[in-house]
Each structure stands twice: as C-alpha cells, then as structure tokens.
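Computation of the quantities below employed the complete heavy-atom set of this structure, encompassing side-chain atoms and omitting hydrogens, waters and symmetry-equivalent molecules. So you know, we letter chains A, B, ... as the sequences are listed, proteins then strands, and number each from 1.
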Amino acid sequence: MKEFNFPEIEKKWQKFWEEKKLFKAPVSPKNKMYVLGMFPYPSGDLHMGHARNYTITDVLARYFRMKGYDVLHPFGWDAFGLPAENAAITRNIHPKEWTFKNIEESREDIKKMGISYDWSREIFTCKPGYYKWTQWIFLLLYRKGLAYRKKAYVNFCPSCQTVLANEQIVEGRCERCDTPVTKKNLEQWFFRITKYADRLLEDMKYLEGKWPKQVLDMQRNWIGRSEGTKIIFKLKEKDINLPVFTTRIDTIYGVTFLVIAPEHELMDEIIKLSPERDKLIKYREKTLMKSEIERTREERKKEGIFTGLYAVHPLTEERIPLFTADYVLAHYGTGIVMGVPGHDQRDFEFAKMYNLPIKIVIQKNGEPKNVDSMDGAMEEYGVMVNSGEFTGLSSEEGIKKLNEYLREKNLGGYAVSYKIRDWLISRQRYWGAPIPMVHCEKCGIVPVPEKDLPVLLPEVVDYLPKGKSPLASSEEFINTICPECKVKAKRDPDTMDTFVDSSWYFLRYVDPQNDEEIFDKTLVNKWLPVDYYIGGIEHATGHLIYARFIHKVLYDEGLVNTPEPFERLFTQGMVLRRTDEGNVEMMSKRAGNAVRIRDFVKERGADIARVYTLFAGPPDQDFEWTDEGVKGAERFLLRVKRIFNENIEIFINITDKPPAPRTEKEKALIKKCYKTLKKVTEDIENFRFNTAVASMMEFLNNLYVFEDKKSGIFAHCLYIFIKLLSPFAPHLAEEIWSWRNEGSILTANWPSVFEEFLKEEKVIIPVQINGKIRGQIEINIDADEKEVIEIAKQNKNVSKYLNEKNIKKVHYVRGKIISFVVSD
RNA sequence: GCCGGAGUGGCGGAAUGGCAGACGCGGCGGAUUCAAAAUCCGCUGGGAGUUAAUCCCGUGAGGGUUCAAGUCCCUCCUCCGGCACCA
C-alpha cells in the first residue's frame with residue numbers, strides 16, 4: 001500500500017514538472033499545436049470560475065503532448081486597465097505595484113492547479129518590452145491611414161472620467177461601473193475598423209463550423225451590414241446636400257418630410273440658416289445632455305423640431321420640410337432619414353405627432369390603404385403606386401431600377417451601411433500604453449519615430465481622474481521635441497484602450513523576448529494560427545472582433561500569413577454558486593460565493609477541482625458548483641487510487657502490449673477498455689469532457705467488478721486507464737505512473753486504438769413490431785436479414801405478435817434493430 | 001421588435017433518426033462495524049401486474065413526416081443570451 005494524500009503529491013509533482021521544464025515549447029515546432037486560453041486581467045484572488053478556463057486548455061495541451069505534438073501553451077497578463085488605478089486611488093498604492101502584487105498571487109494560484117504552461121513565455125502588457133510593440137502597431141495603423149483623429153460626440157463615463165468605445169457600453173451604461181454614459185464632443189483617436197467590416201464578415205467562411213455559431217451570429221449582427229440606397233436631397237435655401245440612406249428606396253414617392261440627427265455635423269450650418277435658430281440650439285443642447293438611456297427610454301416617443309427649412313425631393317421636386325429629432329442616430333447611415341410615414345412605423349408615429357401628410361405608394365393585394373383609418377405603417381413589400389414612371393413595379397424591381405436611375409442622374413445609388421463604428425481607442429487615463437504621437441504647433445500631428453519607441457509611461461503622476469488625461473499634467477512626460485522640426489512640442493496625453501493590448505498578444509507568445517521586432521515572422525507563421533482558443537462568450541463582439549481586425553492589418557502588411565488568428569474557438573460557461581442569500585450567481589469575490597483556488601487546493605486538491613469542473617456539465621454551459629458534486633469527483637479519484645494500490649504488483653509489471661484475451665469476460669473487458677479509449681479521445685477533441693469523465697467512471701466500475709485481478713488483461717486495462725486519466729487528473733496519474741519507473745507520464749504516448757478488440761461478433765438487438773419494442777434477440781453481427789427474421793420469430797414474446805399476422809414490411813438495420821410492420 | 005440557444009427522473013446531466021434516462025448526486029436495501037462515518041455490493045422515471053412474465057404512460061404543448069422522433073418539419077408556450085428608434 002502506498003499512502004498519500006492529494007495536496008501532498010500535487011506539490012511534489014508540480015515541483016518536478018517545473019524543475020524538468022516539461023512544459024517548455026520548442027522555439028520552432030515540427031508538429032505544432034497552439035492551445036490558448038484568453039489571458040486574464042490580474043485582479044487578485046483567483047477562484048474556480050477562472051480555474052475552469054485554465055483546466056480546459058490544460059486537458060487539451062496535455063493530451064496533444066501525449067499525442068506527440070509540439071504544444072505551445074503559454075500564459076500572460078492583460079495588465080493595463082482601470083482597476084489598478086482605482087485601487088491606487090482608494091488605497092494609495094501605485095498601479096504598477098498593485099498590478100504586480102496581484103500577478104504574483106494569481107500566478108501562485110494557477111501553478112497550484114497544475115496547469116501545464118510554458119512560463120518562460122509569460123507576457124505582461126504593462127511592461128515596456130511589450131507595449132513598445134503595441135505602440136508600434138499604432139504607428140503601423142497610422143501609416144496605413146487606419147488610425148485617425150476626429151472631433152465627434154463620443155461616449156463618456158462621468159465616473160471613470162474617460163471616453164468609451166461602443167463595445168464598452170451595456171444598455172447605455174458603462175460596462176465597468178454601471179454609470180449612465182453621456183456624450184462629449186472631443187477630438188479623439190480612432191481605428192478605422194469599418195474599412196475592414198466587409199472582410200470581417202466575408203472571412204467568417206473560414207470560421208464556420210469551427211467557431212460557435214452564436215459567436216459568429218453575434219459578430220454578424222454587430223457589424224450589421226445593410227444594403228440599400230443613398231439618395232441626395234438638396235436644401236432649398238442653400239446649395240447644401242442632404243444625403244439620405246434608405247433600404248426602401250421603393251417608397252421614395254411617399255416621402256413627406258426629412259429628419260436630421262441633432263448632433264449631425266451639418267446642424268451648425270442649418271442652425272445658421274434657420275429662422276428657428278434659438279429653438280434648435282436649445283433642442284440640440286437638451287438632447288446632448290440626455291444620457292443614452294434617457295434618450296431611448298421615453299417610450300420611444302418621437303419628438304422633434306421643425307427647422308423652418310425645406311429640402312427638395314430629387315424626383316418630384318416637391319418641397320419637403322426638414323425636421324431634427326433625436327430618434328435619428330447621427331452615426332448610422334448618413335445621419336439623415338427620409339420620412340415615409342405610410343411605410344415606416346417610426347415615421348408614421350412622427351407624422352401623426354406633427355400632423356404631416358401620409359402618402360401610400362406601396363400596395364398589397366390590390367387594395368389601397370385608407371390613409372385616414374390607418375393605425376400603423378404598411379411596411380411590407382408590394383407593388384409601387386403613385387410613383388411616377390415607376391408605378392406598377394414590384395418593390396424588388398423598383399429598388400433595382402431606382403438604384404440604376406439615381407446613379408445615372410448622379411443623385412446617389414446603391415450603397416451599403418454598417419452598424420459597426422470606428423474604434424475609439426483614446427482613453428483619458430494613466431495606466432495604459434501611451435499613444436506615440438506628438439502635437440507640434442508648426443508641424444501638426446507627428447508620429448514618434450520607431451527608433452524612439454517605447455514612449456515610456458512616467459512612474460510619478462497624479463493619476464486622480466479629472467476628466468482630462470493624467471499624463472497631461474506630467475511635465476517630464478508631456479514636454480518633448482517635435483521629431484520633425486526639433487522645436488518644443490507636446491506628447492499626446494492619452495493612453496490606448498486596453499483592447500489594443502490584447503488584440504495581438506497571441507502573436508507575441510511565439511517570440512516574447514524579441515527586442516528588435518514585434519516578432520520573428522518565420523516563427524509566427526510556424527505557430528499560427530492558434531489551434532484552440534478558449535475563453536468567455538462576453539468577448540464575442542469586443543476582443544474577438546478587435547483581434548481579428550488587427551490580425552488582418554498585420555496580414556495585409558505581410559507579417560502573418562493566415563487571414564484569421566484563431567482556427568477553433570470555444571466559449572466556456574461560467575461557474576455559479578449559491579450565495580448566502582440563496583441566489584445562484586456567478587462566482588465572484590464581490591458576491592461572496594467564490595471558492596478560492598488556494599483554499600480548495602489546500603484542503604481537497606487540484607485534481608478533484610479539475611475533474612469536478614470537467615464532469616459537472618457540458619463545458620460551454622454554466623454550472624452550479626455544489627459540495628455534492630465535488631464529492632462525486634473525489635470518490636472517483638479515491639476509487640482510482642485504491643484500485644491501483646490494491647493491484648500494484650500486476651500494474652507495474654505489465655508492458656504496453658495487450659495480451660490476448662482468453663475468456664469471455666476478458667474479451668468483454670478489453671473491449672470496454674478500447675471503447676473507452678476511443679470515446680475519451682474523441683470527446684477531448686470535441687470538448688465533451690463531461691462524457692469523457694463519465695466513460696472513465698464507467699470503465700473503472702467495470703474494473704472493480706472484474707473478478708480475476710491476476711489477469712493480464714486486467715493489468716493492461718489499468719495501464720491504459722491511467723494514461724487516459726492523466727490529462728484530467730495529472731498529479732494522481734503522475735504519482736501512480738511513477739511506480740513503474742519509466743519517467744513522466746507526460747512523455748508517455750497516448751495509446752492507440754486496437755480495432756481488433758472493438759470488433760463485435762454477437763450483438764443483442766431489439767425487435768420492433770409496429771413501432772413498439774417486443775423483445776430482444778442475439779444475432780451474429782454478419783447475419784443477413786433473412787437469418788435475423790428467423791431468429792426474431794423464435795423469440796417467444798415476438799412470435800406472439802408475429803404469428804398469424806401478415807408481415808407487410810421489414811426494416812433491418814445491421815447490428816442495430818429489426819423492425820416489422822404487420823397487419824391482421 | 002430582431003437574431004440565437006435551451007426546455008429530458010427528486011437534482012446535475014447522457015443519447016450518428018434505431019431499446020430514453022449513460023455517468024454522477026440524492027434515496028432505498030444489504031455487507032462491514034459494538035455503533036457511526038468512510039467503504040463495498042445491489043436496486044432506484046411513473047402506473048398496472050404477485051416482488052414474476054408482461055403491459056400501459058412518459059423528453060414544455062399541439063399537429064405532421066417516418067417502420068421508428070428527445071432528435072427532422074410546422075404552430076405555440078416558457079426560460080436564458082445578444083442586439084435594439086440601425087432608416
């Protein structure tokens with residue numbers, strides 16, 4: 001008997017692995033496998049919610065290593081970000097210090113889970129050696145015209161005192177602190193992701209079937225490509241173009257008003273021309289004061305103001321009143337919409353409110369709608385009526401013809417609009433990568449030359465948020481010399497959105513120490529794409545779009561040669577747990593329901609946590625952590641321990657060659673063994689860890705009830721079993737394997753399936769009569785239909801239903817089922 | 001409103017269109033024990049039937065396709081996620 005407890009052996013083997021550097025990936029792989037979990041923000045205490053993600057990649061990494069792959073399984077820290085600054089403010093500790101303290105603690109926790117990372121490649125986005133290249137990417141985008149500055153109304157969080165990207169707003173509130181977001185008119189840096197919108201959509205063809213459908217759908221929605229028409233109206237009072245985007249150009253003859261967004265860039269001009277100047281200014285101010293939530297809440301009441309100006313209808317030359325209203329979005333389409341109250345519900349509501357005329361120009365089933373009795377717009381496609389020369393065309397034909405017509409007349413034509421907006425990357429915060437730009441009074445905006453990178457973040461700064469960048473008040477930082485004209489100039493005071501940091505880190509892992517270039521191109525192209533990428537679904541429309549975008553920019557630059565960075569994506573579910581109040585919530589420090597890695601590992605062990613996490617349910621679904629569930633996993637591992645302990649001798653003496661089975665029971669056991677091997681293998685590769693564990697449990701149960709414990713077959717089964725278990729419970733497997741004295745189980749081979757043991761000779765199949773199961777028969781697997789029918793007829797219960805009946809049809813599915821259709 | 005996903009025992013969950021409920025938890029019975037815990041073995045969807053053979057019912061509801069439906073199709077209900085005045 002070898003006595004040991006889990007926490008003890010876990011420490012021992014973790015030390016062993018680290019000393020022998022068993023997880024180190026080769027610099028240049030022959031047979032590569034890149035397994036990656038999304039790197040975390042180092043927030044301190046790690047719990048089982050975090051552990052789940054790491055365990056999943058670890059099973060894959062360990063499995064593929066045993067399969068003979070060169071596995072890259074790295075880890076790092078998404079270490080820039082707001083929480084560090086907030087901690088700094090509340091606890092008077094430098095963000096850098098706070099961050100690294102957290103990293104130290106978190107790293108210890110992760111090591112305690114026995115995750116097989118190559119720590120020599122650890123990445124910290126907040127270190128100059130890393131952010132130098134984040135800045136380099138910024139310069140690359142600038143050079144390519146993909147980074148630009150513009151003055152715009154941007155989302156602003158009054159609590160975080162910084163601007164936010166679209167993706168960082170959840171239901172009108174700041175993703176971080178839940179404060180309602182307001183607007184500010186500021187000049188900021190943007191990345192031109194909209195230029196890549198079509199490619200981000202188009203290249204999803206490479207991801208189809210390999211990424212969760214849900215993520216692809218979410219990205220498709222987020223990008224929101226919509227085909228339609230641009231049509232130019234002219235202002236009557238002055239030669240100003242009022243471009244409109246519409247998907248329903250077939251309703252063009254039904255336009256009775258135009259509406260422009262209050263914050264539209266043309267509004268300054270319109271206000272100047274308008275007789276209603278004061279009212280307009282006031283309305284615009286009022287709109288901008290409102291938060292996004294207020295603006296959408298007000299039960300979608302369509303309120304607006306007549307500008308006193310008119311536009312000219314490009315086809316009928318009618319006079320069309322121009323309104324401004326906040327239901328029109330400045331950032332979508334052209335920021336101006338044509339009002340067609342007859343055929344658009346929103347326009348209908350607006351028209352009713354301001355008593356504007358309603359025109360019917362589309363008709364269905366030959367019945368013209370009665371305008372006076374309408375209680376809503378008729379939005380369906382139909383036949384165009386009252387539409388000049390286009391009358392009589394179907395909506396589809398009309399759209400086609402009108403697009404051609406408008407193009408010819410230079411009044412617009414076919415156009416595409418997207419929901420996705422350019423990526424606002426400036427942040428008025430301290431703890432981030434400085435934007436490597438210089439503002440010179442003479443030369444304007446000048447990029448920092450590459451040789452001067454990194455633009456270092458100063459250590460001493462008053463980082464209390466004041467609505468402007470903390471860096472602006474750092475004399476040592478902000479004052480510089482213009483790289484062009486060499487006179488005094490100012491640095492850009494903003495730092496980059498942390499999503500920029502995380503949009504390329506997977507490339508840096510390949511060559512993390514490189515100081516000469518962002519990475520060695522040859523090496524990156526050997527390792528990329530990431531074969532398995534695992535993380536939470538919450539990154540579907542943020543990180544995962546940004547990373548795809550930046551990767552494509554690098555692709556266009558010839559730095560990487562795969563169009564997509566992540567071959568296969570898997571989104572794992574959350575770990576929930578009951579709180580003291582009795583609610584089942586996501587595990588978190590704040591909710592007080594976290595099971596901390598360090599506590600659990602100390603008391604029960606990492607292997608138990610790992611097996612439980614994997615067994616509890618499908619890995620893409622949430623699961624509730626319960627003590628009962630833990631017990632199941634613990635019992636399983638204790639049973640493993642015992643069966644090996646009770647059969648040490650036979651286990652350490654068996655070779656990897658399966659002996660020939662002699663008895664029926666041996667035959668059955670060896671079949672079970674290789675069936676389990678096959679199932680576990682397939683399950684790992686398809687993210688079905690729960691059923692993989694279940695099949696191992698089943699196999700173990702078979703081993704327990706198998707009587708002849710001296711049998712060579714039994715011993716061989718133990719040998720296979722422990723290998724199968726090793727990616728799931730690596731410490732226990734390593735301990736048991738060590739009894740055999742043949743080195744680490746990590747270097748042992750994953751067994752191959754001996755198909756000969758899987759062959760069935762006789763099988764038991766059900767017999768169905770008129771759709772109901774009436775008995776079971778044993779047949780030879782090769783038996784033909786005739787034989788099977790004969791055997792079926794001999795079955796007592798079956799014959800009861802077949803005798804004196806007319807067999808109308810027989811369906812025999814080889815080795816599966818036989819089905820009779822009979823009548824009286 | 002739009003786009004997804006999911007509804008299966010007391011619970012977590014299994015089932016390439018082919019014997020629904022694998023595996024685990026819980027429960028019941030037995031073994032072990034002075035006793036308990038732990039452990040081991042067996043049973044465990046509901047109903048009828050003798051504790052049998054066997055039969056009936058059963059995967060959110062209702063229809064359909066099929067020899068055969070948890071699985072495919074249609075309609076609907078509920079829950080979850082994402083987007084949301086996107087012109």
Side-chain angles (χ1 to χ4, degrees), chain A residues 170-172 212-222 224-226 228-229 244-249 251 259 261 295-296 298-302 325-329 331-340 343-347 349-350 379 417-421 537-538 540-541 573 611-612 615-618 620-633 635-636 638-639 642 679 688 690-701 704-705 764-776 796-797 800 808-822:
Chain A
V170 179
E171 283 167 4
K213 182 175 161 14
Q214 196 194 0
V215 173
L216 294 178
D217 284 341
M218 281 166 76
Q219 291 205 353
R220 227 172 257 125
N221 277 335
W222 191 264
R225 184 192 152 93
S226 153
T229 306
V244 161
F245 177 79
T246 177
T247 53
R248 291 298 303 275
I249 195 64
T251 64
V259 190
R295 212 168 139 173
T296 47
E298 296 168 355
E299 280 155 16
R300 301 196 173 171
K301 220 158 84 187
K302 304 280 176 295
D326 67 2
Y327 81 89
V328 174
L329 306 169
H331 52 75
Y332 184 77
T334 62
I336 308 173
V337 301
M338 56 186 217
V340 186
H343 305 287
D344 182 285
Q345 187 56 29
R346 294 157 303 188
D347 298 343
E349 286 163 29
F350 192 80
E379 295 189 319
S417 195
Y418 300 91
K419 272 166 48 169
I420 196 171
R421 290 191 250 167
I537 186 89
E538 67 274 18
T541 52
V611 168
Y612 172 48
F615 179 65
D620 55 342
Q621 278 171 40
D622 297 348
F623 83 91
E624 185 191 337
W625 180 281
T626 62
D627 293 341
E628 290 71 36
V630 171
K631 210 179 328 184
R635 259 183 218 165
F636 169 60
L638 285 169
R639 274 162 71 79
R642 198 175 59 243
K679 173 131 184 78
R688 292 188 300 244
N690 54 329
T691 50
V693 174
S695 68
M696 284 189 278
M697 287 174 167
E698 222 176 301
F699 183 28
L700 184 68
N701 290 344
Y704 261 94
V705 296
I764 294 170
I765 61 162
V767 182
Q768 217 175 50
I769 294 151
N770 286 352
K772 285 194 190 291
I773 304 296
R774 295 302 180 189
Q776 291 182 336
K796 220 175 110 197
N797 202 48
K800 222 162 67 189
K808 279 168 57 185
K809 235 188 214 171
V810 182
H811 295 265
Y812 173 56
V813 184
R814 191 171 169 274
K816 279 274 187 229
I817 196 169
I818 178 143
S819 176
F820 295 91
V821 188
V822 302

For nucleotides 67-71 of chain B, which of its nitrogen or oxygen atoms have a protein nitrogen or oxygen under 3.5 Å away, and what is each distance?
from, atom 1, to, atom 2, distance (Å)
B:C67, OP1, A:K809, NZ, 3.0
B:C67, N1, A:H811, NE2, 3.3
B:C67, O2, A:S819, OG, 2.6

- Message: Using a 4.0 Å heavy-atom cut-off to protein, can you give one letter per nucleotide of nucleotides 46-60 of chain B, 5' to 3': B if the base is in contact, S if only the sugar-phosphate is, - if neither?
- Response: --------SSSS---

- Residues that A:K213 engages under side chain to side chain donor-acceptor pair (under 3.5 Å), provided they are two or more places apart: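 Only A:D217 meet the side chain to side chain donor-acceptor pair (under 3.5 Å) criterion with A:K213.
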
Just how far, in rounded Å, is [atom2] of [N] from [atom1] of [X]?
| X | N | atom1 | atom2 | result |
| --- | --- | --- | --- | --- |
| A:M218 | B:G81 | CE | C1' | 7 Å |
| A:E624 | B:C80 | CD | P | 16 Å |
| A:K816 | B:A15 | NZ | C1' | 11 Å |
| A:I817 | B:U66 | CD1 | P | 18 Å |
| A:Y612 | B:C11 | OH | P | 16 Å |
| A:Y332 | B:C83 | OH | P | 17 Å |
| A:I765 | B:C19 | CD1 | P | 11 Å |
| A:D622 | B:C79 | CG | C1' | 13 Å |

- Item | Gap in Å between the two C1' atoms, one belonging to B:A14 and one to B:G21, rounded |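 To the nearest whole Å, 7 Å.
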
- Sub-4.5 Å side-chain heavy-atom contact between A:W222 and A:R220: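 No, side chains not in contact.
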
If you restrict it to nitrogen or oxygen atoms, what contacts under 3.5 Å exist between nucleotides 3-7 of chain B and the protein, and what is each distance?
none

- Give A:L638 one of three labels, base, sugar-phosphate or nothing, depending on what nucleic acid heavy atoms sit under 4.0 Å from its own.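 The residue A:L638 makes no contact with any strand.
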
- Message: Within the 4.0 Å heavy-atom criterion, would you say A:V328 contacts the bases, only the backbone, or no part of the nucleic acid?
- Response: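 If one applies the 4.0 Å heavy-atom cut-off, A:V328 turns out to touch a base.
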
- Under the side chain to side chain contact (heavy atoms under 4.5 Å, CB included) test, residues paired with A:M697 that sit two or more places apart: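 Testing A:M697 for side chain to side chain contact (heavy atoms under 4.5 Å, CB included), a comparison that skips the adjacent residues, returns A:F615, A:F636, A:V693.
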
- Query: Is A:K302 close enough and on-axis enough to A:F350, meaning under 6.0 Å and within 45°, for cation-pi?
  - Reply: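 No, A:K302 does not lie over the aromatic ring of A:F350.
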
- Where do A:D344 and A:M338 land on the side-chain contact (heavy atoms from CB on, under 4.5 Å) test, with the steps shown first? CA-CA 10 Å; A:D344 182 285; A:M338 56 186 217; over 6 Å; no

- Item | Donor/acceptor link under 3.5 angstrom from A:K302 side chain onto base of B:C85 |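 Answer yes: a donor N or O sits under 3.5 Å from an acceptor.
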
- Message: Which nucleotide wins on minimum distance to the side chain of A:I764, given the candidates B:A87, B:G82, B:C19?
- Response: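 Looking only at heavy atoms from C-beta outward on A:I764, the closest nucleotide is B:C19.
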
With the criterion being N/O to N/O and under 3.5 Å, what pairs connect the protein with nucleotides 21-32 of chain B, and how long is each?
from, atom 1, to, atom 2, distance (Å)
B:A22, O2', A:E698, OE1, 3.0
B:G24, OP1, A:N701, ND2, 3.1
B:C25, OP1, A:R635, NH1, 2.7
B:G26, OP1, A:K631, NZ, 3.2
B:G26, OP2, A:R635, NH1, 3.4

- Distance test, side-chain N/O of A:R220 to OP1/OP2 of B:G82, below 4.0 Å: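 For A:R220, the contact criterion (side-chain N or O under 4.0 Å from OP1 or OP2 of B:G82) is not met.
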
